[in-house]
Amino acid sequence: MKIAVIPGDGIGPEVVKQAIVVLEAVAQKFGHRFEFQEVLMGGAALDAVGVPLPDETLKVCLKSDAVLLGAVGGPKWDDLSGHLRPEAGLLGIRKGLNLFANLRPAKVFPQLKSASTLKEEVLGEGLDILVVRELTGDVYFGDKGRAEIPGGQKAWDTAVYSTHEVERVAHVAFKIARGRRRKVTSVDKANVLESSRLWREVVSRVGQQYPDVELNHMYVDNAAMQLIRNPSQFDVILTTNMFGDILSDEAAMLTGSLGMLPSASLGEGKLGLYEPVHGSAPDIAGQDKANPIATIMSAAMMLRYSFGLEQEAQAVEDAVSRVLEQGYRTADIATPGTIVVGTREMGHLIAQNL
Ligand code: NAD
């Protein structure tokens, strides 16, 4: 399997390197062959060729089976204008690969329960939620503008969804739910928004094709509340671009640590983009301090969603769990009595524990 690798900037190269160490251990243990091809994006690409997303990068990614990305950006490139900022590469690659479903798991490892902002009794047996956010429609991409009116200006952003856009992301959510606890909660604002009413109709219709998956609908204001009150009621949360933007951060933060959060973005085929939720953390770059687990867990998602290697994905997640159980922590998740290790050692421990 061909994997395009975009190390990016800051801690990106450090955490990506450890994900590759773990993927190579998976290949050896399970008898696979992964071919890695490194390409440039973000600040690294700006320095080398003057654009944040070189054509060559997109070409290599499109020819690959999956893309593994570290993070991009940093103070060095902060003063550049919009289309030349490293982050422009992120939007460009998502668009170029036609990725429309963003998957953000929020999982609390029992060993890290104390890092959560929630009380133990609310967390119960732990937390394992997957937010599926639509990525290409809604108020972010609809008609927007400004006009002069008496006394000032008016401005608008239009929330737009088509049947097709809702259908394709709903199928992603229902299919994934089948490999989990078979429950989809679709989140919208159908009591107020017409685009949400279409969303709800289409999701209900798609849901009929998955009679083995339980579907319920929830208004976004209630969902925001329920995530804090009783998060274990959720399995897969399916939602629109803007509500997903907000709820996925809320759900993620219930786990308490940025260095632990993976993500995946999927399109029609098997090609997906896998990256940690965190940024390039310039404050700790090059110091062997970054937590590589978010990137390693992103690689596990790659095994599961792009390669269909469920057993291998599970093996990586179990290895992470085992290393935490043994008391090893990077500095960001360390608590008294645990053993603090660096980026490299954490990656090697996880590979060893496969
Ligand atoms: P950040 O996520 O990089 O860092 C926030 C804080 O969390 C920092 O204190 C950092 O040290 C810590 N942190 C982040 N990841 C960590 C890890 N794996 N292990 C240990 N600690 C970790 O967010 P920021 O500081 O707001 O942004 C820094 C740069 O990253 C900016 O240029 C921003 O634009 C960019 N960024 C990129 C992405 C991406 O590539 N997807 C996402 C967010 C931010």
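All residue numbers refer to positions in the sequence shown, counting from 1.
- Surrounding CD of Gln28 are at most 12 heavy atoms belonging to other residues, nucleotides or ligands under 6.0 Å away.
- Salt bridge status for Lys76 with Asp9: absent, with no side-chain N to carboxylate O gap under 4.0 Å.
- Taking the side chain as every heavy atom from C-beta outward, Leu324 and Leu112 approach each other to under 4.5 Å.
- Arg182 and Asp212 are joined by a salt bridge, as a carboxylate oxygen and a charged side-chain nitrogen come within less than 4.0 angstrom of each other.
- Contact check on Arg85 versus Asp78 returns a salt bridge, with a Lys/Arg side-chain nitrogen under 4.0 Å from an Asp/Glu carboxylate oxygen.
- Taking the six-membered ring where the residue is Trp, the centroids of His171 and Tyr210 are separated by under 6.0 Å.
- Residues Val166 and Val203 form a side-chain contact, since some pair of their non-hydrogen atoms from C-beta on lies under 4.5 Å apart.
- Under the 4.5 Å side-chain criterion, counting only non-hydrogen atoms from C-beta, Ser306 is in contact with Tyr274.
- Separating the CD1 atom in Ile284 from the CD1 atom in Ile11 is a distance of 5.0 Å, to the nearest 0.5 Å.
- With 3.5 Å as the limit, one finds no donor-acceptor pair spanning the side chains of Gln208 and Arg205.
- Sorted by first and then second residue, the salt bridge (charged side-chain N to carboxylate O under 4.0 Å, His left out) pairs involving residues 23-46 (not counting sequence neighbours) are Arg33-Glu35.
- Using a 4.0 Å cut-off between charged nitrogen and carboxylate oxygen, Glu317 and Arg304 count as a salt-bridge pair.
- Residues Asp65 and Lys2 are not paired through a salt bridge, judged by the lack of any N-O separation under 4.0 Å between the basic side chain and the carboxylate.
- Lys63 places none of its side-chain heavy atoms less than 4.5 Å from the side chain of Gln37.
- Side chain of Arg329 to main chain of Thr338: no donor-acceptor pair is present (N/O by atom type, distance under 3.5 Å, no hydrogens or angles).
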